[in-house]
Amino acid sequence: MSVTPETAPVTAGAGGPLLAVENLRVGFATEDGRVQAVDGVNFELEAGEVLAIVGESGSGKSVTAQTIIGLTRSPNSHIEGSVRLRGEELTTQSEAQLQSVRGSQIAMIFQDPMTSLNPVYTVGRQIVEAIRAHHSQVGRKEAHAQAIELLGAVGIPEPERRVDDYPHEFSGGMRQRAMIAMGLALEPSVLIADEPTTALDVTIQAQILRLIQDLNRGRGLATILITHDLGVVAEVADRVLVMYAGKVVEQGTLDDIFYDPQHPYTWGLLGSLTRLDRPRPHRLPQISGAPPSLLRLPSGCAFRPRCPHEFAECKEVPGLLPRLPEDPNHLDRCQLTPEQKRRLREVEGRIGLEEPA
């Protein structure tokens, strides 16, 4: 078998990456057949790096993240591939072994803090429980002091008083900060933030993203940021994976994705962002159609039915390949030539996806 960037083994640098995901595939058995939610995802993550995984709902972003810490294991799931933390394989670990990894080595911030926090316990008590579940030798008084310190570290004012408040007494932004504090309680190496700015207003979104960025740099965390909005990652991410229908359709540095995007789906995501430096369009740009059912994917390129630039080769399954000779680390699945892409992605003077005729 010939080795392509999509099938090549993940190589380690000096000491290897902190987190390496190789050819991860996750399927779920249903009454109608298998849903292939994640299909061949590869990436590496180093300490101090922010990787953004972007795509519409149902693209496989959250399933990828949850599989890393074993939250998708069930009788009807089928998981293939490799997830290695400091070279140690996680997919073959038992549930008991994974319990020691969750929180202490890999922490996850879920997108809805109101349903993630227990409404009948104070925020401080929940952080204390998280600490003592992994470090039983830590007394309650010491853990309570750590909870106050953590709440202060994530920007909650008067942490000595707020530590004894209940989740409903916190605003949405404060609850998200409390979830981040809980995630940092055991000083993990990897932080997964799944839609951490959902349902927050723009000002609070910026504060949460800035907090994640500061924590990433200050504590040397490796961070995975999951979002459907490319605008959210504009000033935070180092690298970006764009997912569609369970596959990565484009990956590269932040500059690659924003200034030289190669896949029409990425053009559509960028084109749907509102711009303050441009005249207001007559209508908000959007990608036509809807994501395909994972039970009945179209033949060839999964984005083909929604793409105005479809041509004959799109009926063949495209590989995730370096298609720019000058940038071997920028990969995408579109079989148009780089020259065609640069011409076709210009819509009304900006990057976007043409509306179908």
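Computed from a prediction, not measured in an experiment: that's the story for all the values here.
When the side chains of ILVMFWY residues are joined at heavy-atom separations under 4.5 Å, either directly or via intervening members, V123 and V120 end up in two distinct hydrophobic clusters. Hydrophobic clustering (ILVMFWY, side-chain heavy atoms < 4.5 Å, transitive): V101 and L71 are in one cluster. Side-chain heavy atoms closer than 4.5 Å link hydrophobic residues (I, L, V, M, F, W, Y) into clusters, and following such links, even through other members, never connects V35 to L24.
At most 12 heavy atoms of other shown residues, nucleotides or ligands fall within 6.0 angstrom of atom CZ in R217.
Remark: the backbone N or O of C301 is not paired with any side-chain donor or acceptor of R333 at under 3.5 angstrom. The main-chain N or O of M243 is never found under 3.5 Å from a side-chain atom of K61 such that the two would form a donor-acceptor pair. At distances below 3.5 Å, not a single donor-acceptor pair connects side-chain atoms of R102 with backbone N or O atoms of M108. Checking side-chain atoms of E310 against main-chain N and O of C307 turns up no donor-acceptor pair under 3.5 Å. Using modelled atom types, no side-chain atom of R84 and backbone atom of A20 make a donor-acceptor pair closer than 3.5 Å. Remark: the backbone N or O of E313 is paired with a side-chain donor or acceptor of Q335 at under 3.5 angstrom. Side-chain atoms of T30 come within 3.5 Å of backbone atoms of G33 as a donor-acceptor pair (strictly under, hydrogens ignored). When atom types are taken as modelled, the side chain of R177 and the backbone of V154 share a donor-acceptor pair closer than 3.5 angstrom. With hydrogens and angles ignored, the 3.5 Å screen pairs a side-chain donor or acceptor of N76 with a backbone N or O of A29. Judged purely by atom type and a 3.5 angstrom limit, S116 has no side-chain atom pairing as donor or acceptor with the backbone of F110.
Remark: R345 engages D260 in a salt bridge, criterion side-chain N to carboxylate O under 4.0 Å. Taking a cutoff of 4.0 Å between a charged side-chain nitrogen and a carboxylate oxygen, E56 and R306 qualify as a salt bridge. Residues R125 and E129 are paired through a salt bridge, judged by an N-O separation under 4.0 Å between the basic side chain and the carboxylate.
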| said: Using side chain to side chain contact (heavy atoms under 4.5 Å, CB included), reason through T266 and V54 one step at a time and then give a plain yes or no. | reply: CA-CA 9 Å; T266 311; V54 181; over 6 Å; no
| Stepwise, does the side chain to side chain contact (heavy atoms under 4.5 Å, CB included) test hold for F28 with V63? | CA-CA 11 Å; F28 299 98; V63 174; 4.1 Å; yes
| said: Pair E250, H330 - check side-chain hydrogen bond (donor to acceptor under 3.5 Å, both in side chains), show working. | reply: CA-CA 8 Å; E250 184 168 4; H330 188 173; 2.6 Å; yes
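Considering CD1 of I106 and CG of L186, their distance stands at 13.0 Å, rounded to 0.5 Å. To the nearest 0.5 Å, the span separating CG on D165 from CZ on R161 amounts to 6.0 Å. Atom CG of L117 sits about 10.5 Å away from atom OG1 of T122, to the nearest 0.5 Å. Taken from CD in Q340 to CD in Q262, the straight-line distance is 11.5 Å, to the nearest 0.5 Å. With rounding to the nearest 0.5 Å, the separation of CZ in R239 from CG in L51 is 5.0 Å.
Side-chain contact between L273 and D229 is present, with heavy atoms from C-beta onward closer than 4.5 Å. Put simply, the side chain of C334 does not reach to within 4.5 Å of the side chain of H309, judged on heavy atoms. Here the side chains of I156 and F170 are in contact, with some heavy-atom distance below 4.5 Å.
Note: Y244 and F303 have perpendicular aromatic rings, judged against thresholds of 30 and 60 degrees for the angle between ring planes. Ring geometry for Y166 versus H168: interplanar angle under 30°, hence parallel rather than tilted (30 to 60°).
Scanning both residues, I131 and A185, for their nearest heavy atoms gives CG1-CB, 3.8 Å. Closest approach of A237 and L254 over heavy atoms only: O-CD2, 3.5 Å.
The only option from P318, P298, P292, P264 that meets the side-chain contact (heavy atoms from CB on, under 4.5 Å) definition with R304 turns out to be P298.
Residues S82 and E89 have side chains that bring a donor and an acceptor to within less than 3.5 angstrom of each other.
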